[in-house]
Amino acid sequence: MSSKAAASKLVILPNVDEFPSVSMSRFRKGFLERLPYHLGPHWNLDVLQCSGVEPWMTWLPNASQQRLASIYGRWVKYPRAIRNVEADVYHILDHSHATLAGAVDPDRTVVTCFDIIPLLYIKGIVDVPYKPWVLRSFLKRIEAMRSCARVLCVSQSTRNDLITHAGFSPEQISIVPIGLEPDFQAMPPNGLSLQDEHLDFAARHRLDTSRVYILQVGTRNRYKNTPVVLEV
């Protein structure tokens, strides 16, 4: 009689709780909601949350406390918390936290990379200035990603950038696009045609249908390049 094989352990390492990114919070939420449906019975899943808040930070104003907690959590508290966490696979959900690979076994670590815009700025490819400390820390993240067993890119463009401008091996990188929620599908779920849905939406929001509207889903950060959206 053969014994049942032991389950493998997957540990997800999301951003620290105070990390100031709405998009990354949304990505984490959707990823963790759907991941259990795609894991087989031979996987055990664990998610390691980390807050950088410490009692000695309470004397700071809320905004300063949030920022300090994000920095302290990412660079000090989080690495300490995961140093003794055993897993068969570690998945760092955001390349902003790629240096966490230094606190675990990088040969069993996967990191998702969304873009390498700071490196493109350093190389003079894009004109999106960053503060010197951000650039220095980003170079550390690049090196940390280089040590990982696998890098998951959300687009072909990011994969090309890693290979061309960061010297990554193509064999190290896989493309895994960000998933779509059920609401985002080709045809409306209520039986309306696309044209009828547009008219219904315009009526509900009192929009002038003789005008053209552009929806940009994103922040106002400079690297989003909103002027190009308008030019297009």
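Note that the structure is a prediction, hence the values are computed from the model and not measured.
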Exercise. Kindly compute the distance separating CZ (Phe168) from CZ (Arg159), expressed to the nearest 0.5 Å.
Key: 12.0 Å
Quiz item: Are the side chain of Arg74 and the backbone of Ser96 linked by a donor-acceptor contact shorter than 3.5 Å?
Solution: yes
Self-check item: Residue pairs passing the side-chain hydrogen bond (donor to acceptor under 3.5 Å, both in side chains) test where at least one lies in residues 109-126, sequence neighbours excluded
Solution: His91-Thr112
Exercise. Quick one: closest heavy-atom pair of Pro106 and Ala101, and the distance?
Key: CD-O, 3.9 Å
Quiz prompt | Derivation and outcome, side-chain hydrogen bond (donor to acceptor under 3.5 Å, both in side chains), residues Asn160 and Gln156 | solution = CA-CA 6 Å; Asn160 292 344; Gln156 182 67 52; 2.8 Å; yes
Quiz item: Going through the distances and angles, do Ser157 and Ser155 end up as a side-chain hydrogen bond (donor to acceptor under 3.5 Å, both in side chains)?
Solution: CA-CA 5 Å; Ser157 176; Ser155 69; 4.8 Å; no
Quiz item: Does Asp161 offer a backbone N or O that forms a donor-acceptor pair with the side chain of Thr164 under 3.5 Å?
Solution: no
Quiz item: Is there side-chain contact between Ser70 and Pro20, with heavy atoms separated by less than 4.5 Å?
Solution: yes
Exercise. Run through the side-chain heavy atoms of Ile, Leu, Val, Met, Phe, Trp and Tyr, join any pair under 4.5 Å, and report what else lands in Val232's cluster.
Key: Val228
Practice problem: Please examine the side chains of Asp200 and Asp196, heavy atoms only from C-beta on, and report whether any two atoms are closer than 4.5 Å. | Solution: no
Quiz item: Can you tell me how far the NE2 atom of His95 sits from the CZ atom of Phe114, to the nearest 0.5 Å?
Solution: 8.0 Å
Less than 3.5 Å apart, which donor and acceptor atoms pair up between the side chains of residues 7-18 and the rest of the protein, not counting sequence neighbours?
unit_1 : atom_1 : unit_2 : atom_2 : d
Lys9   : NZ     : Glu86  : O      : 3.4
Asn15  : OD1    : His97  : ND1    : 3.3
Asn15  : ND2    : Asp94  : OD2    : 3.0
Asp17  : OD1    : Gln49  : NE2    : 3.1
Glu18  : OE1    : Gly52  : N      : 2.9
Glu18  : OE2    : Ser51  : OG     : 2.6

Self-check item: Nearest non-hydrogen partners of Glu33 and Lys29, listed with the distance
Solution: OE2-NZ, 2.8 Å
Exercise. Considering non-hydrogen atoms only, spot the tightest contact between Pro36 and Leu32 and give its length.
Key: CD-O, 3.2 Å
Quiz item: Do Glu143 and Lys140 sit within salt-bridge range, that is, some charged N less than 4.0 Å from a carboxylate O?
Solution: no
Quiz item: After noting the C-alpha distance and the side-chain angles of Ser193 and Gln195, does the key distance pass the side-chain hydrogen bond (donor to acceptor under 3.5 Å, both in side chains) rule?
Solution: CA-CA 5 Å; Ser193 68; Gln195 182 179 8; 5.3 Å; no
Self-check item: Neighbour count above 12 (heavy atom, 6.0 Å) for Arg26 CZ
Solution: no
Quiz item: Roughly how far, to the nearest 0.5 Å, is the CD1 atom of Ile117 from the OG1 atom of Thr158?
Solution: 8.0 Å
Quiz item: If you draw a 6.0 Å radius around CH2 in Trp59, do more than 12 non-hydrogen atoms from other residues or ligands fall strictly inside?
Solution: no
Practice problem: Could you list who else is in Tyr37's hydrophobic cluster, with ILVMFWY side chains joined at under 4.5 Å, directly or through other members? | Solution: none
Self-check item: Separation between NE2 of His165 and CG of Leu119, rounded to the nearest 0.5 Å
Solution: 8.0 Å
Practice problem: Find out if a path of hydrophobic residues (ILVMFWY) with successive side-chain heavy-atom gaps under 4.5 Å connects Phe19 to Val134. | Solution: yes
Exercise. For the residue pair Val47 and Phe31, establish whether any side-chain heavy-atom pair is separated by less than 4.5 Å.
Key: no
Self-check item: Note, Ile175 side chain near Val154 side chain (heavy atom, < 4.5 Å)
Solution: no
Exercise. Mind checking ring-ring contact (aromatic ring centres under 6.0 Å, His included) for His205 and listing every partner two or more places apart, or none if nothing turns up?
Key: Phe201
Exercise. Examine Leu162 and Val176 and state if one hydrophobic cluster contains both, with Ile, Leu, Val, Met, Phe, Trp and Tyr joined whenever side-chain heavy atoms are less than 4.5 Å apart.
Key: yes
Quiz item: Is it true that Asp208 and Arg211 have a side-chain N and a carboxylate O under 4.0 angstrom from each other?
Solution: no
Practice problem: With the side chain counted from C-beta on, respond yes when Val111 and Cys113 share a heavy-atom pair under 4.5 Å apart, and no when they do not. | Solution: no
Quiz item: Please, which pairs that meet side-chain hydrogen bond (donor to acceptor under 3.5 Å, both in side chains) have at least one residue in residues 128-138, sequence neighbours excluded?
Solution: Ser137-Arg141
Self-check item: Shared hydrophobic cluster, Val128 / Val229 (ILVMFWY, side-chain heavy atoms < 4.5 Å)
Solution: no
Quiz item: Tell me, do Val85 and Val104 make a side-chain contact under 4.5 Å, heavy atoms counted?
Solution: no
Quiz item: In Å, rounded to the nearest 0.5 Å, how long is the span from CG of Asp88 to NE2 of His42?
Solution: 10.5 Å
Quiz item: Do Ile116 and Ile122 share a hydrophobic cluster, counting only Ile, Leu, Val, Met, Phe, Trp and Tyr and linking them when any side-chain heavy atoms are less than 4.5 Å apart?
Solution: yes
Practice problem: Enter the distance from Met57:CE to Arg67:CZ here, rounded to the nearest 0.5 Å. | Solution: 12.5 Å
Quiz item: Got a donor-acceptor contact below 3.5 angstrom from the Lys77 side chain to the Val53 backbone?
Solution: yes
Quiz item: Between Arg28 and Leu93, is there a donor-acceptor pair closer than 3.5 Å when you use the side chain of the first and the backbone of the second?
Solution: no
Quiz item: Can Tyr72 be reached from Tyr78 by stepping across I, L, V, M, F, W or Y side chains whose heavy atoms are under 4.5 Å apart?
Solution: no
Quiz item: Looking at side-chain heavy atoms only, is the closest gap between Leu39 and Leu45 below 4.5 Å?
Solution: yes
Practice problem: Answer whether the closest heavy-atom distance between the side chains of Leu100 and Tyr90 falls below 4.5 Å. | Solution: no
Quiz item: Which atom names give the shortest non-hydrogen contact between Ile142 and Ala166, and what distance separates them?
Solution: CG2-CB, 4.4 Å
Quiz item: Sub-3.5 Å donor-acceptor pair from the side chain of Gln172 to the main-chain atoms of Arg146, do we have one?
Solution: yes
